[in-house]
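Inspection log for the structure reproduced underneath, given as structure tokens.
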Protein chains: 2
Amino acid sequence: MLTIGKLGTSTGVKVPTIRYYEQIGLLPEAERSVGNQRLYTHKAHERLAFIRHARELGFSLEAIRDLLSLSDDPDQPCAAADAIAKAQLAEVESRLARLTALKTELERMVVQCAGDRISDCRVIEVLGDHSLCVTNHPTIDDAGQ
Amino acid sequence: MLTIGKLGTSTGVKVPTIRYYEQIGLLPEAERSVGNQRLYTHKAHERLAFIRHARELGFSLEAIRDLLSLSDDPDQPCAAADAIAKAQLAEVESRLARLTALKTELERMVVQCAGDRISDCRVIEVLGDHSLCVTNHPTIDDAGQ
DNA sequence: CTTGAACCTATAGCTGCTAGAGGGAGTAAA
DNA sequence: TTTACTCCCTCTAGCAGCTATAGGTTCAAG
């Protein structure tokens with residue numbers, strides 16, 4: 001049985017994050033020691049490693065919740081898991097496309113800026129005027145992703 | 001003078017967002033009509049367009065705050081603006097690299113999954129075991145970005 | 001037996017908005 | 001003038017996915 005701290009270091013997940021996952025029901029409630037400290041089994045370790053890996057691959061906690069409930073049910077068809085992974089792939093591909101457009105604009109901006117005063121600064125100028133952009137870069141909702 | 005609604009439609013920024021920008025001091029407090037409604041000048045329109053464009057290019061509100069105060073000061077050297085843009089470019093490039101690694105893993109996962117039961121599902125299997133990955137894909141902090 | 005790290009709960013904060021409640025203002029027709 | 005309608009106002013709470021802080025308890029080592 002592992003304490004929460006050991007579980008954290010062995011999975012690379014911070015302690016408050018583990019407690020948070022328990023709170024939102026992604027991890028089951030842990031057993032407790034006599035002194036009320038959480039104790040984790042090998043199974044919990046596996047489950048947390050699964051969650052972390054999925055987070056690293058960009059899956060949302062909601063998607064992970066679904067994936068976990070699928071993995072708890074080994075006789076189910078795997079089409080649903082497949083669909084979640086495909087959706088995530090599509091999401092990543094679209095982010096890639098948007099980021100590539102951003103990169104183009106930012107490079108142009110930085111390269112062209114030769115002035116030494118703000119008044120001739122290409123960066124400031126381009127930001128003030130979208131028509132100076134070559135690509136139809138993403139709208140606000142997508143840019144931060 | 002524009003009402004907040006007109007300003008919103010003409011810049012593509014939602015009304016509550018404009019109020020939010022005012023609240024956090026990114027836009028100056030607007031003049032008010034007799035009936036206490038916000039009224040915007042052409043200058044405010046330009047400033048908001050600048051903000052929106054910078055957001056589209058992925059700059060954080062903090063970075064935008066700095067860029068705006070630079071652009072308010074046309075005699076300053078533009079090195080600072082340049083540095084912010086370069087940092088943003090670097091950020092975008094690193095996100096691109098990380099997302100490309102994710103894409104590789106997700107594609108492998110999806111392509112290899114030929115089983116029809118969860119018990120042979122490649123997606124679930126890979127998520128449970130990072131060593132099945134070919135790349136050293138991002139850590140958790142980066143994946144969602 | 002004391003120190004100090006690791007644990008506990010509960011609450012608030014982070015970014016960048018978005019949604020909702022509950023009302024006032026402005027315009028145009030009936 | 002009343003009604004109807006859309007826009008506007010403030011204030012508060014909520015979203016993801018944590019992270020930080022406060023104030024207290026437990027555990028292992030020396």
Side-chain angles (χ1 to χ4, degrees), chain A residues 1-27 29-40 44 48 51-68 88 91 95 138-145, chain B residues 1-27 29-40 44 48 51-68 88 91 95 138-145:
Chain A
M1 292 296 237
L2 294 168
T3 63
I4 198 170
K6 307 280 182 194
L7 180 66
T9 48
S10 78
T11 54
V13 178
K14 287 177 189 147
V15 167
T17 304
I18 299 174
R19 287 197 279 248
Y20 170 71
Y21 288 163
E22 178 181 312
Q23 190 193 307
I24 63 168
L26 212 55
L27 287 175
E29 293 197 12
E31 281 180 65
R32 298 298 181 115
S33 72
V34 183
N36 198 36
Q37 303 198 344
R38 287 174 181 82
L39 291 177
Y40 294 94
L48 183 54
I51 294 171
R52 174 170 156 93
H53 196 201
R55 287 294 296 133
E56 285 172 349
L57 290 170
F59 289 91
S60 72
L61 294 182
E62 261 321 289
I64 293 172
R65 201 185 290 278
D66 294 344
L67 289 167
L68 279 169
Q88 177 62 17
E91 173 68 30
R95 279 193 209 160
T139 59
I140 250 161
D141 327 313
D142 314 312
Q145 317 273 316
Chain B
M1 294 297 237
L2 295 167
T3 62
I4 198 169
K6 307 281 182 193
L7 180 66
T9 47
S10 77
T11 52
V13 178
K14 285 175 190 149
V15 167
T17 304
I18 299 175
R19 288 196 278 250
Y20 171 71
Y21 287 164
E22 178 181 311
Q23 190 194 308
I24 63 168
L26 213 55
L27 287 175
E29 292 197 11
E31 281 180 64
R32 297 299 180 112
S33 73
V34 183
N36 198 36
Q37 302 198 346
R38 287 174 182 82
L39 292 177
Y40 293 94
L48 183 55
I51 294 170
R52 174 171 155 93
H53 195 201
R55 286 295 296 133
E56 285 172 351
L57 290 169
F59 288 90
S60 72
L61 294 182
E62 261 322 288
I64 294 172
R65 200 186 289 278
D66 293 345
L67 289 167
L68 280 169
Q88 178 61 17
E91 173 68 29
R95 278 193 212 161
T139 59
I140 249 161
D141 327 313
D142 315 310
Q145 315 273 315

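Predicted model only: the values in this text are computed from it and were never measured. Just so it is clear: chains get the letters A, B, ... in the order the sequence lines come, proteins before strands, and each one is counted from 1.
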Look at the side-chain N and O atoms of [X] and state whether any lies under 4.0 Å from the OP1 or OP2 oxygen of [N].
X       : N      : value
B:Tyr21 : C:dG16 : no
A:Thr17 : D:dT19 : yes
B:Ser33 : C:dA25 : no
B:Lys14 : C:dC17 : no

What is the distance from [atom1] of [X] to [atom2] of [N], rounded to the nearest Å?
X       : N      : atom1 : atom2 : result
B:Leu27 : C:dG16 : CG    : P     : 15 Å
B:Met1  : C:dG26 : CE    : P     : 14 Å
B:Ile64 : C:dC17 : CD1   : P     : 8 Å
A:Leu48 : D:dG17 : CG    : C1'   : 15 Å
A:Tyr20 : D:dT19 : OH    : P     : 10 Å
A:Glu62 : D:dC15 : CD    : P     : 12 Å
B:Ile51 : C:dC17 : CD1   : C1'   : 14 Å
A:Ile24 : D:dT19 : CD1   : P     : 13 Å

[X]: what forms a side-chain contact (heavy atoms from CB on, under 4.5 Å) with it, not counting sequence neighbours?
X       : value
B:Ser60 : B:Glu62, B:Ala63
A:Tyr40 : A:Leu2, A:Ile4, A:Leu7, A:Ile18, A:Glu22, A:Ala30, A:Arg38, A:Ala44
B:Leu61 : B:Tyr20, B:Tyr21, B:Ile24, B:Leu26, B:Arg55, B:Ile64
A:Thr3  : A:Lys6

message = Side chains of A:Val13 and A:Ile51, heavy atoms from C-beta outward: is any pair under 4.5 Å?
response =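 Of all side-chain heavy-atom pairs linking A:Ile51 with A:Val13, none is under 4.5 Å.
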ask   = Counting distance only, does the side-chain N/O of A:Arg52 pair as donor-acceptor with the main-chain N or O of A:Gly12 below 3.5 Å?
value =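 Yes, the answer is positive, given that a donor and an acceptor are paired below the 3.5 Å cut-off.
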ask   = Mapping A:Ser60 and A:Val34 onto DNA chain D by nearest heavy atom, which one lands closer to the 5' end?
value =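 Comparing both residues, the 5'-ward one is A:Ser60.
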Contacts of B:Arg19 that satisfy salt bridge (charged side-chain N to carboxylate O under 4.0 Å, His left out) - sequence neighbours left out =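 With sequence neighbours excluded, B:Arg19 shows a salt bridge (charged side-chain N to carboxylate O under 4.0 Å, His left out) to no residue whatsoever.
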task = Sugar-phosphate means primed atoms, P, OP1 and OP2; the rest is base. With that split, encode nucleotides 3-11 of chain C 5' to 3' as B, S or - using protein heavy atoms under 4.0 Å.
result = ----SSB--
